[in-house]
Amino acid sequence: MYKTHPIVVICLAIFFSCSDEDSEQVMEETKSLIENMVNKSPWTYDRLEVVSIIETNGYDLQQSEIDDFESESNQEFDGFTVSFNNDGTGVDSNGEFTWNWIDEEAGEIRIWDDTYFISENTSELILGVRSFAFIPEGECCIEILYNGNIILK
């Protein structure tokens with residue numbers, strides 16, 4: 001009977017020590033992401049990539065239209081920059097903006113009116129977004145919902 005208690009104590013100690021290390025690692029990664037966002041500012045717009053189409057509203061969307069949308073977006077935002085500050089403010093090429101964290105651990109922030117999922121690789125800041133594109137159709141526009149990445153360098 002007494003032999004099982006040390007095993008339980010050891011298992012609990014291992015469980016709680018692993019949990020602490022995991023949460024500390026997530027906090028360090030988040031801190032690192034925030035620090036990099038700020039320290040590497042300004043970030044310059046590089047490109048928009050449409051990752052997936054969620055809803056076409058019945059429109060027969062062609063790959064060429066997705067390519068055109070990406071190309072037009074890339075031309076429109078060519079040279080656009082974004083700088084992040086430690087206090088939750090920032091500056092873009094067109095004026096001031098503020099951002100706030102929705103979930104720091106997941107890297108989810110709100111900039112302007114959109115929610116972005118932020119990730120980073122060695123040289124790029126990636127703003128993942130679910131957004132709308134409007135495809136001209138006759139005298140109206142078709143609203144297309146898509147997942148995309150805005151890549152900043």
Is the number of heavy atoms from other residues, nucleotides or ligands under 6.0 Å of N86 CG greater than 12? no
What do the steps show when you test L61 against Y146 for side-chain contact (heavy atoms from CB on, under 4.5 Å), and what is the final call? CA-CA 12 Å; L61 185 66; Y146 71 96; over 6 Å; no
Considering all heavy atoms, the nearest E124-K153 contact: OE2-CE, 3.1 Å
How long is the straight-line distance from CD1 of I111 back to CG of L127, given to the nearest 0.5 Å? 5.5 Å
D67 CG to E65 CD distance, which is reported to the nearest 0.5 Å: 10.0 Å
Have a look at T56 and tell me which of I135, L145, I144, I142 forms a side-chain contact (heavy atoms from CB on, under 4.5 Å) with it. I144
Out of curiosity, Y116 OH to R110 CZ, how far, rounded to the nearest 0.5 Å? 10.0 Å
Any sub-3.5 Å donor-acceptor pair from S83's side-chain atoms to S41's backbone N or O? no
For N149 and V51, work out which heavy atoms get closest and say how close. ND2-CG2, 3.5 Å
Would a distance-only check, ignoring hydrogens and angles, find a side-chain to backbone donor-acceptor pair under 3.5 Å from D92 to N94? yes
Indicate the atoms forming the closest heavy-atom contact of L48 with E70, along with that distance. O-CG, 3.8 Å
Any side-chain heavy atom of N74 sitting closer than 4.5 Å to one from Y45? yes
Would you say V91 ends up clustered with L152 if hydrophobic residues are merged whenever their side chains have heavy atoms under 4.5 Å apart, either directly or through other cluster members? no
Ignoring hydrogens and angles, state whether a donor on the side chain of S93 or T81 is under 3.5 Å from an acceptor on the partner side chain. yes
Between atom OG1 of T44 and atom CD1 of I151, what is the distance when rounded to the nearest 0.5 Å? 13.5 Å
I need the E49 CD to I126 CD1 distance, nearest 0.5 Å. 8.0 Å
Using the side-chain contact (heavy atoms from CB on, under 4.5 Å) rule, take V50 and F69 through it: C-alpha gap first, then chi angles, then the decisive distance, then the call. CA-CA 9 Å; V50 173; F69 170 71; 3.9 Å; yes
Mind running salt bridge (charged side-chain N to carboxylate O under 4.0 Å, His left out) on R130 and E55 for me, showing each step along the way? CA-CA 11 Å; R130 175 175 289 179; E55 176 61 51; over 6 Å; no
Are I54 and F117 connected in a single hydrophobic cluster, I mean Ile/Leu/Val/Met/Phe/Trp/Tyr linked by side-chain heavy atoms less than 4.5 Å apart? no
Mind checking the CG-CH2 spacing from N85 to W99? Nearest 0.5 Å is all I need. 8.5 Å
Using a 4.5 Å cut-off on heavy atoms from C-beta on, say whether the side chain of L125 contacts that of I118. yes
Greater than 12 external heavy atoms within 6.0 Å of F77's CZ: no
What verdict does the side-chain contact (heavy atoms from CB on, under 4.5 Å) test give for W43 and I150, after you've listed the backbone C-alpha separation in whole Å, the side-chain angles of each residue and the deciding distance to 0.1 Å? CA-CA 11 Å; W43 294 89; I150 297 171; over 6 Å; no
